[in-house]
Every structure is written in C-alpha cells, then in structure tokens.
Number of protein chains: 2
Amino acid sequence: MDDGQPPEPQNERPRTRIQRRNTRAILDAALEVFSREGFRGATLDMIAQAAGLSKPNLLYYFSSKEAIHGELLSELMDTWLDPLRELDPAGEPAEEILAYVRRKLEMSRDMPRESRLFANEIIQGAPRMMEAIEGELKTLVDEKAAVIRGWIEAGRIADVDPYHLIFSIWALTQHYADFDVQVRAVLGPGHDPFPEAESFLEMLYTRLLNR
Amino acid sequence: MDDGQPPEPQNERPRTRIQRRNTRAILDAALEVFSREGFRGATLDMIAQAAGLSKPNLLYYFSSKEAIHGELLSELMDTWLDPLRELDPAGEPAEEILAYVRRKLEMSRDMPRESRLFANEIIQGAPRMMEAIEGELKTLVDEKAAVIRGWIEAGRIADVDPYHLIFSIWALTQHYADFDVQVRAVLGPGHDPFPEAESFLEMLYTRLLNR
DNA sequence: CTATTGTTTGACCAAATGGTCAGGATGACG
DNA sequence: CGTCATCCTGACCATTTGGTCAAACAATAG
C-alpha cells in the first residue's frame, strides 16, 4: 500500500540490491563530476553518463541535483574530520602530529576526488557547508588546538600557533590532491610525488616542533 | 574603411578610452565570477551584470566566453610567477626564500580572486593551462630548484627537496586565499589571519632551513 | 553640421539543462 | 504462473545559456 509519495530511496538506507548498486554508482559518478566541475559546472547528463544510467533514472533515486550534491557533502564531512579526531591527547605530542600529517597525506593519495570536492566547495565560499564548518569543524579544531596548546605549555613541543599549525597540515597535504596535475607536470612524467612528499613533510614538522 | 571584420578590440591594445574602461570592467567582473564559479559554472549573464553591461555588449569586446577566460589566464600566468622570478641566486639563501614566502603571502592577501581562478583551473585538470604549466612554469621551477640545490650543496641551507620546498610555499601561502572562508570561520569573526600567518610561516621556514 | 567610426541594445536563435510524467519493463515472491 | 512493487525510459517542458544581428545611438574628426 503506497501513500502516494514517491519512493525517494536516498533518505533511508537503500533496501534492495538494485538500489544499493545504483545509488552507489550515482554517488561515485557524481563525485567524479562535481569534484572536477564544481556544483554549477556539473550537469545531470554528465553524471548520468558516468554512472551508466539515464537522466530520469538518476532522478528516480535522487530528488534533484542538489540532493546528490548534498548527500556527497554530508558523507564527506564525516570522513574528512576523522584523521583529526584520532589525534590522541594522551599520545606523544610530536608523534601524534606526525601521524596526523601521514593520515591526511594518505587521504590525499587515496581520495583525491573527495579532496577536490571539498576544495571546490570552500573556494566557492562554502555556500552549502558553512553550517558544518562553523559548527562541527570549528568545534573539533578548537578542541584539538587546546590539546596542542597544552603540549606547548608543558614544553613538550616548540611554541607555534596551534591553529596555523593545523591549517598548515591541511594546506600541505591537500595540495598534493588538489594541485596534483601541477605537481606531476612540474616533476615530470612517471614520477610519484607521494613518497617524497611524506619524507619532506616528516622532516618539516620534525624540525618545526622539536625543542 | 572597414574590411568587413568586426573590431575585436581585445586582440590589440585598447585604443579608445571607452574600450579601455569597458575591457577592464569586463575582466574585473569576469575574474570575480570565474574565480568563484569556475569556467563552466560562470555565465555571461553573471559577468555582464557584475560589469554593468549588457550581454551583447560583452560580446562586442570579447568574441566569446572562452576569450574572456583565456585573457584572464594569460594575464594571470605573468603576475603569478613574478615572485618566484625575483628569487635571487646571488642573495642570502634563507633570506631569499623567506622573502619569496612573504611575497606569495602578500599575493594571497591582495589578490585572492586571482589565486582562486588559478586553483579552479588546476583542480579541473588545467585543461586550458597545461601548456603554460609544462612550459613556462616548469622551466622556471626547474631553474630555481637548481639554484636552491646549489645553496644546499654549498651547505648554506639545510638539505631539503627543492621541488617540495617550492610546493610547500605554494600550498601554505595560497591556502590563505583559496580557503579564506574556512580559515576565518575557524578563527572566528573579526580575526585577520594574515599577520599571524606571516610570523608562523617565518618561524616554519627558518626552522626548516637553518643549520 | 555631417559623415564616419565606434558603441549599445532589443529581439532572436539553437542548444543545453534541470526536471516531470505516463506507461512499460523487470524483478520478487507466493 | 500471476500479482504487486520496484525499476526504467522516451517524450516532453520551461528555463537558461552562449551567441548573432540589424538597427539605433554616441563621439568625434573634418
């Protein structure tokens, strides 16, 4: 017995195998397209083609272009903050921060599209994400900045601004995802930047924090 | 006596006062829009409105949307590389690199739209800039990386990968332009990030390079 | 003033775009 | 097999978009 409402399967967890498969295909295709073209630059036709589905079929699973984009962004917010959440106040300070850097660099290597989706959103002024940034993200950063400040006051790492320390980690690691084509073009073909980047960043943060 | 060709004033230097004024207005408006929305996301109507001109009037001065974007990009390439060009092989190594960092940070503060235009282009895979990146940009970076390597081999600064050193400067400085809204959201309102950023980066590169 | 050149616009066009809908195809399940 | 819910599509629609054009409107040189 249907109450007349369309299914809108994206609101609840997908129920059938087909739903799960197609929802995934759509979100994956949308990630590809949105991360490259931005929200306005992406079209439903591009996404449909990348997903191997027809445009009306997309709109059977998601109510609108906005809905697809929104779903991607909220999925992203979670995974995006995970590496920082793991920063352990009880750990060894310099090692905790270096481990965070390594986790973020891995994300740049393994999830470059997500990184670019995020970058696109921020560059545009975060019109669809401001709330999460002023809320969830700021709260987490404030908390971890306080942890780092504690380490500094205990004399366990050098005195640096904790906020700009975190910004620097974001900037340096995400650069290898967002500016990937530039990095590779400059280094020349067949040159994997990531191993070098890891040792460079390790050296950088070791020298910055020690003493 | 006209040969039948439209004027296309953008090819040569603007001749009349009106041309100069309107070309400037268009490029300024286009910078605003393209840097926010990306190439595909920007529309001629947005640009026309921001410039205070009608859409057909835009197309009197520029032959197409592509032409406006292209003009912006080639203007950009010049100014973008200037700070690195100024890196003086005859200068004091650490001071030269710090001065480069400062120049780039100033550009992020004073030309954030240009920075975002560039970021947008790279994130999209540099479809309209690959040539300049593999040519002009790579050549300049190779040259300056060699200079830095010389300084390292002379024992005048610490041993770091010159390429990743340059990438790090790009990443850290451009972050304050491209991710401006995020930085400000995290730091809270009425908080200018740039003075702090400058001393943070000075400390970072001093510690990285000394010894 | 007048002719010429430079500037602007309203009206228009074809293609692209986000979205709808009725009906048909394809499961799942007893 | 039949039935019901899920899944899919071609045709369609209104709006947006990049771009054209003829005609109107300045600016200015002679």
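Here is the naming used below: chain letters follow the sequence lines, and residue numbers restart at 1 for every chain.
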> CD1 of B:Ile47 versus P of D:dG19: gap in Å, rounded?
10 Å
> What integer distance in Å separates A:Leu59:CG from D:dT9:P?
13 Å
> So B:His69 and B:Phe34, would you call those rings parallel, tilted or perpendicular, with 30° and 60° as cut-offs?
perpendicular
> Can a side chain N or O of A:Arg40 be found less than 4.0 Å away from OP1 or OP2 on C:dA16?
no
> Does the side chain of A:Thr16 get closer than 4.0 angstrom to OP1 or OP2 of C:dA28 through an N or O atom?
no
> Do the charged groups of A:Asp28 and A:Arg24 touch, with an N to O distance under 4.0 Å?
no
> How long is the line joining CD of A:Gln49 and P of D:dT9, in whole Å?
14 Å
> Using the closest heavy atom to pick a nucleotide of DNA chain C for each, name whichever of B:Ser54 or A:Ile18 lands nearer the 5' end.
B:Ser54
> So, A:His191 and A:Glu196: side-chain donor and acceptor under 3.5 Å apart, yes or no?
yes
> Rounded off to whole Å, could you give me the CD-to-P distance for the B:Glu66 and D:dT17 pair?
17 Å
> Give a yes/no verdict on a cation-pi contact between B:Arg109 and B:Tyr176, requiring under 6.0 Å between NZ or CZ and the six-membered ring centre and an angle within 45° of the axis.
no
> Given that A:Lys65 and B:Asn57 both sit by DNA chain C, which one's nearest nucleotide is further toward the 5' end?
B:Asn57
> B:Ala42 near the nucleic acid: base, sugar-phosphate alone, or nothing, with a heavy-atom cut-off under 4.0 Å?
sugar-phosphate
> Would you say a side-chain N or O of B:Tyr60 is under 4.0 Å from OP1 or OP2 of C:dT7?
yes
> How long is the line joining CZ of B:Phe62 and P of C:dT8, in whole Å?
13 Å
> Check whether any side-chain nitrogen or oxygen of A:Gln19 sits under 4.0 Å from OP1 or OP2 of D:dC7, and answer yes or no.
yes
> In this structure, how many angstroms lie between the P atom of D:dG18 and the CG atom of B:Leu53, rounded?
16 Å
> Distance check needed: C:dT7 C1' versus B:Lys55 NZ, whole Å only.
19 Å
> Between A:Asn22 and B:Leu44, just flag the one whose closest nucleotide in DNA chain D comes earlier from the 5' side.
A:Asn22
> Taking the inter-plane angle between the rings of A:Phe167 and A:Tyr163 on a 0 to 90° scale, is it parallel (under 30°), tilted (30 to 60°) or perpendicular (over 60°)?
tilted
> Which nucleotide sits closest to the side chain of A:Tyr61: C:dG6, D:dC7, C:dT17?
D:dC7
> Where each residue is assigned the nucleotide of DNA chain D containing its nearest heavy atom, which of B:Arg17 and B:Phe39 is assigned the position nearer the 5′ end?
B:Phe39
> Return the value, rounded to whole Å, for the distance between atom CG of A:Leu58 and atom C1' of C:dT17.
13 Å
